[in-house]
Structure formats: C-alpha cells, structure tokens
Amino acid sequence: MKNKVKIFCPGTIANISCGFDVLGVALDSVGDEMVITKTAEKGIRITKIEGQQLPLETSKNVAGVAGLALLEASDYEGGFEIEIYKNIKPGSGIGSSAASSTGAVWAMNHLLDNPFSTTELVKFAMEGERLASGVAHADNVAPALFGGFTLVRSYEPLDIIDIPVPNELFATVIHPQIEIKTSESRKILKTNISLETGIKQWGNVGGLIAGLFKSDYDLIGRSLVDHIVEPIRSILIPSFDDIKKESLAAGALGCGISGSGPSIFTFSKGLDTANKVGDAMRRVYEKVGVDFDIHVSKINSQGIKIV
Ligand code: HSE
C-alpha cells in the first residue's frame, strides 16, 4: 500500500494577458517539491518547510487549508504529514500558493487511491487561494492540477476546460525580486469596464483559445493583449514597458504580466527564440538595479508529477 509520495508541483502563469481569473498554464522547469505521508493520527501536520519562511500551522498554511478541505469531504479516518520544499517565492506571480495547495490535495488524493476528480481537487485547492489572496480564484490551481492550458469557463458551477498545448510553444519568465501581494494588486483594479473594452477583451480571449487549438502561433501572439488589468498593474513593475518592447523585438509572440506580478511572461515559438528573449530581458534588467531570475520553460502538459 502507498503511504508516502514525493511530487513536483509546477509554477503557473495565470491570466495570460486577456483572461483575468479564467486562463492559466503550467510550467515545466519552475516548481516546488513536496513529500506527503499518510499517518494513523487524524488531521494534517506540516512538519517541514524549506526555502521560504511560511507558517507551519495548518490553518495558516495554504497546503494545510486545502488539505483540510479534502479531508472534510472524505471518509478517511487517518491524517497526513506534509513537507514543503519551496523554490517559488510567495508574491512572485508564478503561482507559489497554488503549487503548495494543489500539491497537498493531489498527493492526498493519490495516497487515498483517487476518490476525487481533478475538478473536485481544484475546488479544495481554491480554499488555499482564498487564504492567500482573499479570493478563491482557480486560474493557477487549475493548470497545476490539469497540466497545460486551462480555461475556467464558469466558477458557479465550476467548469474547467483543458486546452491543447502547441508543441513548439515555450515560456520565458522574468521574476524581478520584489514582492507584490495578490491581495494588494487586486484592490487597485477597477470593478467596471465599458462595453467597448469588453468587446476588445473577449475578442482576444476567443483568439487565444482558437490559436492554441489550431497551433496558430501568430494568432496566439496577436491575442496576448490585455485592455483591462495590465494598464493598471504594470505601473507596479519596474521597466515593464521596456521588457515588453525588447522581448517582442527579440521574437516573442507576446508579453504580459504573470498572474498578479511582478513576474512578466512571454511566449515564443521554439526554444532558441525563448532563450533569445531571456537574453533580451536580462539586458534590460541589468540596468534596472533590481535582482531578478529568468526562467525558460517548456509548457508542462502533465501538471503535478511524482519524482
Ligand atoms: N487571477 C489572479 C490575479 C491570479 O491576477 O489576481 C493571481 O496569481
């Protein structure tokens, strides 16, 4: 019988420019690791966190809260111990909280022989997002659990659509080492948009989905435009406009804010172009005076993996 599992929990890019709170994609070379063990003792204990300063208390940790949501829905009488090895910094915009909350529920479901569907796991993991950001959004947790690109077509009822990944699509992400809390960067957003803005935005959402289904890289690039959130949030990110300009000049298909920032993502056709875009980003940020990491990653079609 399986009692213990070690997993890779992917980083994710939420929103993908035009799809605020509904679109997301999983990354392959950015992520955390977790070890989850079944215990006879009831409840969830977080026994170790390495890499970041985060609460061990179950009710204050996103992995703990997501795990408790699963336990509550389950008839399992025992409990779990969780170890978290963080590589993704909280407040980076690449789904740090989602990696932990999805990892917990995925591993628990695995050790219980998969009583819950992936959509049910998304619901449990959303409780972790509620703790982290004040809002139970699913655009990071859905791609971490399903892999590839996902669309949250509806929140009530939860309806998640799995979208195919074009073979040659790569992401390049720059993470400036400043922290932007999702809860804060949601507060600055406007809550109303005009019909004119809506028309432009849903045109791009449809275009992006069609581009992904058809592996039409130019259409993907043309659709990576955000008329609603980026004009407001980009002000918080040093040299956002320069990163965008230089990434596009280096061959990126499109560029936008990753989740609630400060990370900035681009998509490129082919690894060579994705690496060139990374070099262009590096040249811009070396002049900014803020530390940064750059990740070049294949799209992760599988989501969470056993390691
Ligand atoms: N859709 C969320 C937001 C993602 O932009 O606030 C946070 O990672």
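The basis for the numbers below is simple: all heavy atoms, side chains too, and nothing from hydrogens, waters or symmetry mates. In what follows, residues are counted from 1 in the order of the sequence shown. Start at 1 and go down the list; that is how both ligands and their atoms are numbered.
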K.L.:
If you look at every heavy atom in S100 and I84, which pair is closest and at what distance?
P.N.:
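Between these two residues, the closest heavy atoms are OG-CG2, 4.2 Å.
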K.L.:
Taking only Lys NZ, Arg NE, NH1 and NH2, and the carboxylate oxygens of Asp or Glu, determine whether K6 and E33 approach each other closer than 4.0 Å.
P.N.:
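Answer for the salt bridge query: yes.
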K.L.:
Under 4.0 Å from any heavy atom of N15, which atoms of ligand 1 are there?
P.N.:
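Counting from 1, the qualifying ligand atoms are 1 (N), 2 (C), 3 (C), 5 (O).
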K.L.:
Mind checking whether T182 has an N or O less than 3.5 Å away from an N or O of ligand 1?
P.N.:
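By distance alone, the answer is no.
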K.L.:
I want to confirm something. Looking only at heavy atoms, which of E129, R186, E184, H137 is nearest to atom 3 (C) of ligand 1?
P.N.:
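Looking at heavy atoms only, R186 sits closest to atom 3 (C) of ligand 1.
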K.L.:
Starting from atom 8 (O) of ligand 1, locate the nearest protein heavy atom and write down its residue, its atom name and how far away it is, to 0.1 Å.
P.N.:
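Looking at atom 8 (O) of ligand 1, the protein heavy atom closest to it is N140 OD1, 2.9 Å.
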K.L.:
R233 heavy atoms, cut-off 4.0 Å: which ligand 1 atoms fall inside?
P.N.:
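Every atom of ligand 1 under 4.0 Å from some heavy atom of R233: 3 (C), 5 (O), 6 (O).
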K.L.:
Cut-off 3.5 Å, side chains only: do S97 and E129 have a donor facing an acceptor?
P.N.:
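S97 vs E129: donor-acceptor pair found between side chains.
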K.L.:
Without hydrogens or angle criteria, can the side chains of S260 and T182 be said to hold a donor-acceptor pair below 3.5 Å?
P.N.:
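A donor-acceptor contact under 3.5 Å links the two side chains.
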K.L.:
What atoms of ligand 1 come closer than 4.0 angstrom to any heavy atom of D21?
P.N.:
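Near D21, meaning under 4.0 Å from one of its heavy atoms, ligand 1 has 1 (N), 2 (C), 3 (C).
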K.L.:
Give me the atom names and distance for the closest heavy-atom approach of G256 to F240.
P.N.:
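In terms of heavy atoms, the two residues are closest at C-CE1, 4.0 Å.
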K.L.:
Closest approach of L158 and K123, non-hydrogen atoms and distance?
P.N.:
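Nearest pair, atom of L158 first, then K123: CD2-CG, 3.5 Å.
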K.L.:
Going by the order shown, which atoms of ligand 1 are within less than 4.0 Å of some heavy atom of F20?
P.N.:
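Numbered from 1, ligand 1 contributes 3 (C), 5 (O), 6 (O).
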